[in-house]
Amino acid sequence: MRVKDLAWRTPPIRPKKAPPFFGQERALRALEAAFRAKGHGYLVGPSGLGKRRRLLALLKGKRFPQEELLYLPLGEEAFPLLLPPGEGRALLEGVEALLAEFTPALFREKGFLYAKSLVEARHEEEAEALLRALSEMAKAEGFQLEESAEGLTLRGQGPLPPELSAQLEETVLGYLEIRQRAQAEVAALRRGFAERVLAPKAQALKERFPQARHYLDWLLESLLRAAALEEELDLRALLPRLLVEGGERVVYEPNPTPERLFGHLEYEVREGTYTTHLGLLRPGALLRAGGGVLVLEAHRVWELGSYPLLKRALAGGEVEPLTPRPEVKGPRLKPAPLTAQVFLVGPPEVMAFLEEDEEFLELFPYRVEFSPDIPYTEENVAYLGGFLEEEGLPVTPEGLAALADEARRWAGHKERLDARLYRVLDLAKEALAQGNPLDRQAVEGAVRAREDRFGLEEELYLEELKEGVVALEVAGERVGEVNGLVVLEGPLPAGRPVRITAQAGPGREGILSIDREVGLGGQVFHKAVLTLAGYLRGRYAELGALSATVSLVFEQSYGGIEGDSAGLAELLAVLSALSGLPLRQDLAVTGAIDQTGKVLAVGRVAEKVEGFFRVCRTLGLTGTQGVVLPRANLPHLVLRPEVVEAVEEGRFHLYAVEEADEAIELLFGRRAYWVHEKVREVLEHFQRLENGEGKG
C-alpha cells in the first residue's frame, strides 16, 4: 500500500494551567494509595519526566502533623519526646525559666541568710565550748592550747600527759563532727530553701507535661543536689534540645549522606577533653520531615552509603542520630520514632537493581510508575503550555503546537507525547533565545540548530557517499543486494541505510550470518536470522531439508549489530541470491518478520525514513525512490516537513506492507508466486547436486 497522507501537524492551542500529574494518572493513583496507607514508595521512570518536581508540587500546601521533637537529657542518656505543636517550645521555655531561678542570688535572700547564720552560730558556740574545756584542762597541766592552719596543738614544758593527749584527740574529733553537722545542716537548709522556690515551678511543668515527668524529676533533683553541695552546674547539660518544630514537613534532601539523613551529634574540645551536649545535636532529614514526606534520589542514597542504614531505620521505625567517636564524653542518644513517609526517585535501571532486594519491596511497597509518554490530546498539549508558563516561559499557541510536534517525534508516535517535560522545557528555552515570542519559527530554528550541533558525523557520511567511499546505490537493480535501514543511537538518533548482501550455493549450512560468526551480531539479531531460516523451511517445506548455504552480511558495518528490524530486508536478499533475480536499489526496506511471513513493526521508523531520504537527496532524487515499511508502523510516521512534502509531491514514496509477499512484489517487480517458484527451482537443483545427481 502506497502511503500518501502523512499530515500530522498540531494546530495552534492555547496554554492551560496544568495539574502536577497531567498525563500520569496511573502514577497519581499509586501515590494516593500510598498516602492513604501512610506507606513508603518509589517513583520510577526515565529521567526528564519531572518525577520529583511533580511530587513536590503535588505536596505543596498539603497539611501535615506538626509534632515537635525534643531530646531530654536523663543522666548519661538522652531520650526523644514528641509533643503537639507549640508544646515543645513551651516545655523548653519552662525549663529555661526554672533554670533561671537557680542563680547565686537565690541564696542571698534575707530569710536564707538569717537561717544560715542561726545554724552556723549554734554550731560555732558548741565548738567554742569544747575548745574552752580543753584549754582549761591544758592550763591546769601547764600547757597552752593553740589553733593554726595545721589544726589544734598543745604547747608546754615536758612531755604531754596521757590524759591531756586523749582529751586533745577527743576534742579534735568532736570539733570535726560539729563542723560536719554544721555543713550538713547548711546543705539541708540550702536544699530546702531551693526546693521551696523550685519545686512548685517543677510541679507545674510536670502537670502540664506529664510525658516529661521523669526528666523533670531528674532535673529538679539535679538542681537541689547542686544547691545543697554548692556545685557549679553546666546548664547546657540540663536543657532539652528542641530538634524539630514547625517548619515545612515536605523535605527534599539532595545530598543524603548518613549525617544529613539521620542527623548527628557534634562535639567540642574543652581543656583537652572531647565533650558534647544536646545543644550540639543536629537533626537529619528523616527527623525534619517528621509527620510529612521525605523525597530522596535513589542513586544518591546508594552511592553515599546510606541505603543499609535507611533500610534499618524503616524496618525498625526508628531514627538513630549518628554519635561521635567513643572517647567523646556526653549523653548516649536513644533512637527517635520515624514518622515520615519516604519516597525514593530514580530511573528504571536503578530501581530494577533495588527491586532485586526483597527487603526493598517489603519496605517500599508502593511503586509509582511514570509513563515515558502520554496521550496526544488537545488538553494535554494545553497543559504542556501551562507547565512552560509556570516555568516562566511565555509561549504562543503556534509555538506550543511546534513544541508538541517535537514531543510527538520524540515519542515516535502521532498519538503520543513524550512525557519528558524538562526536555521540552530545555528546547523551549533554546527557542526563546532564538526568537521572542516563542512561536513555531523560533522552535523550528532551535531544532535545526540542535541538529546542526550534532550533525558533523552525518555530514561526513554524506560526503563519503558522494565520493564513493561508502558503496551504496539508490538506483538500478542488483542480485542479492538490498538497502536495509539502521539507526545510529546518540543524543540525536539518526537513520542510515546499509547495504545487505547475500550469496547462495549448494550446501547444508542454511542461513549463515557473517556478522554473527565474527561476533558483531547480538542475541536479538541472531534470533532474527534463525526466524528467517524458519520462514524458508516453512515456505519450501515440500522440498524437505534445504540443500543450500546462504551467507548474509551487512557491508561496511564494523560495529555491533542488534535488533530484528532488518529481517525483511535479509529475506529479500536471500530470495534474490537463491533465485538470481535482481532487487530494486531505489527502495530501502525496514521491518521484522515472523516464521509465517508476517511483517512486524520496528522502532524509530521515522528516523530510518528520513535517513534514506537524506541519502537519496544527496545522491539525486529520481522520483522512484522510497521506503518499504511495516503497515503497523504507520502511526509512527512523524516525519519532517521536507519528507512529507516530497512524498505528497511524488518525489519520494512510502509503501506499507503486512506480508512478506507484498514486499517481494515491490522489490522484485514480479508477482510473489513467480519469485517463489524460481527459488524452488534453484533449491531443487541444489538438492540434486548435493545428492550427487546431474554430475557429468
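Just the heavy atoms: all of them, side chains too, but no hydrogens, waters or symmetry mates, feed the values below.
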Contacts of Phe22 meeting ring pair (Phe, Tyr, Trp, His ring centres under 6.0 Å) (sequence neighbours excluded), chain-then-number -> Tyr383

Return the minimal non-hydrogen interatomic distance between Pro11 and Ala401, and the atom names on each side. O-CB, 3.5 Å

Contacts of Phe370 meeting ring pair (Phe, Tyr, Trp, His ring centres under 6.0 Å) (sequence neighbours excluded), chain-then-number -> Phe21

More than 12 foreign heavy atoms under 6.0 Å from CD of Glu378: is that the case here? no

Return the CZ to CD distance between Arg249 and Gln66, rounded to the nearest 0.5 Å. 4.5 Å

So that I can tick it off, tell me whether Glu451 and Arg640 are bridged by a salt bridge, with the cut-off set at under 4.0 angstrom between side-chain N and carboxylate O. yes

Tell me whether the count of non-hydrogen atoms from other residues, nucleotides or ligands lying under 6.0 Å of NZ in Lys527 goes above 12. no

Does some side-chain heavy atom of Trp8 sit less than 4.5 Å from a side-chain heavy atom of Leu637? no

Who are the side-chain hydrogen bond (donor to acceptor under 3.5 Å, both in side chains) partners of Arg453, not counting sequence neighbours? Glu430

Flag side-chain contact, heavy atom, 4.5 Å: Val643 against Leu6: no

Examine Lys62 relative to Phe35 and say whether NZ or CZ is less than 6.0 Å from the centre of the six-membered ring and inside a 45° cone about the ring axis. yes

is_close_aromatic(Tyr366, Phe343), centroid dist under 6.0 Å: no

Closest non-hydrogen atom pair, Leu287 against Pro321: CD1-CG, 4.5 Å

Give a yes/no verdict on a cation-pi contact between Arg241 and Tyr71, requiring under 6.0 Å between NZ or CZ and the six-membered ring centre and an angle within 45° of the axis. no

Flag side-chain contact, heavy atom, 4.5 Å: Arg282 against Leu280: yes

Tell me whether Gln24 contacts the main-chain N or O of Ser371 through its side chain, where contact means a donor paired with an acceptor under 3.5 Å. yes

Rounded to the nearest 0.5 Å, the OH atom of Tyr376 sits from the CD1 atom of Ile374 at a distance of 12.0 Å

Those residues that, when tested against Phe612, pass ring pair (Phe, Tyr, Trp, His ring centres under 6.0 Å) (two or more places apart): none

Calculate, to the nearest 0.5 Å, the distance between atoms CZ and CG belonging to Arg423 and Asp426 respectively. 9.5 Å

Looking at Arg614 and Glu458, does any basic side-chain N land under 4.0 Å from a carboxylate oxygen? yes

Does Leu49 offer a backbone N or O that forms a donor-acceptor pair with the side chain of Arg54 under 3.5 Å? yes

With side chain to side chain contact (heavy atoms under 4.5 Å, CB included) as the test, would you mind laying out the steps for Thr323 and His264 before giving the verdict? CA-CA 6 Å; Thr323 53; His264 63 287; over 6 Å; no

With side chains defined as the heavy atoms from C-beta onward, is the minimum distance between Val599 and Glu658 less than 4.5 Å? no

Could you tell me which residues satisfy ring pair (Phe, Tyr, Trp, His ring centres under 6.0 Å) with His40, sequence neighbours excluded, listed by chain and number? none

On a heavy-atom basis, the closest approach of Ser47 and Pro347 is OG-CB, 4.3 Å

Hey, are Glu253 and Arg260 close enough for a salt bridge, meaning a charged N less than 4.0 Å from a carboxylate O? yes

Is it true that Arg440 and Glu444 make a salt bridge, defined as a side-chain N closer than 4.0 Å to a carboxylate O? yes

Tell me whether Glu358 at atom CD has more than 12 heavy atoms from other residues, nucleotides or ligands lying less than 6.0 Å away. no

Using atom types as modelled and distance alone, determine if a side-chain donor or acceptor of Gln341 lies under 3.5 Å from a backbone N or O of Ala34. yes

With a sphere of 6.0 Å drawn around CD of Glu457, does it hold more than 12 non-hydrogen atoms of other residues, nucleotides or ligands? no

Salt bridge flag under 4.0 Å for residues Glu389 and Lys17: no

Show your reasoning for whether side chain to side chain contact (heavy atoms under 4.5 Å, CB included) applies to Leu83 and Leu91. CA-CA 9 Å; Leu83 289 176; Leu91 174 58; 4.0 Å; yes

Does atom NZ of Lys414 have more than 12 heavy-atom neighbours from other groups under 6.0 Å away? yes

Side chains of residues 298-309: which donor-acceptor partners sit under 3.5 Å, not counting sequence neighbours?
from	atom 1	to	atom 2	distance (Å)
Arg300	NH2	Asn255	OD1	3.0
Ser306	OG	Pro256	O	2.6
Tyr307	OH	Asp357	OD2	3.0

Measuring from atom CG of Leu629 to atom CG of Leu485, what distance do you get when rounded to the nearest 0.5 angstrom? 9.5 Å

A quick test of your reading: do over 12 heavy atoms of other residues, nucleotides or ligands sit less than 6.0 Å from CD of Gln523? no

From CA spacing to verdict: side chain to side chain contact (heavy atoms under 4.5 Å, CB included), Gln441, Glu398: CA-CA 9 Å; Gln441 185 177 358; Glu398 293 77 13; over 6 Å; no

Note: Leu278 and Ala78 closest approach over all heavy atoms is CD2-CB, 3.8 Å

Kindly say whether Leu432 contributes a backbone atom to a donor-acceptor pair with the side chain of Gln434 at under 3.5 angstrom? no

A side-chain contact here means heavy atoms from C-beta on lying under 4.5 Å apart; do Asp373 and His413 qualify? no

State plainly whether the residues Glu648 and Lys4 are in salt-bridge range, i.e. N to O under 4.0 Å. no

Would you mind checking if Asp405 and Arg408 are paired as a salt bridge, meaning a charged N to carboxylate O distance below 4.0 Å? yes

Does Arg604 pair with Glu489 as a salt bridge, N-O distance under 4.0 Å? yes

Note, Pro372 side chain near Pro46 side chain (heavy atom, < 4.5 Å): yes

Any cation-pi pair here, Arg367 with Tyr42, using under 6.0 Å and within 45°? no

Backbone of Thr590 reached by a side-chain donor or acceptor of Ser565 within 3.5 Å: no

Check: Glu68 side chain, Glu245 main-chain N or O, donor-acceptor pair, under 3.5 Å: no

Is it true that a side-chain atom of Asp439 and a backbone atom of Thr396 form a donor plus acceptor pair closer than 3.5 Å? no

Counting C-beta onward and ignoring hydrogens, is there a side-chain heavy-atom pair between Leu314 and Phe364 closer than 4.5 Å? yes

Can you confirm whether Arg9 is buried at CZ, in the sense that more than 12 heavy atoms of other residues, nucleotides or ligands lie under 6.0 Å from that atom? yes

Side chain to side chain contact (heavy atoms under 4.5 Å, CB included) partner of Trp410, chosen from Val638, Leu417, Leu427: Leu427

Test side chain to side chain contact (heavy atoms under 4.5 Å, CB included) on Leu384 and Asn380 and set out the steps. CA-CA 6 Å; Leu384 176 62; Asn380 279 342; over 6 Å; no

Quick one, Val3 and Val647 - any side-chain contact, counting heavy atoms below 4.5 Å? no

To the nearest 0.5 Å, what is the distance between CG on Leu69 and CG on Leu81? 8.0 Å

Interatomic distance, CD@Glu610 vs CZ@Arg617, rounded to 0.5 Å, equals 10.0 Å

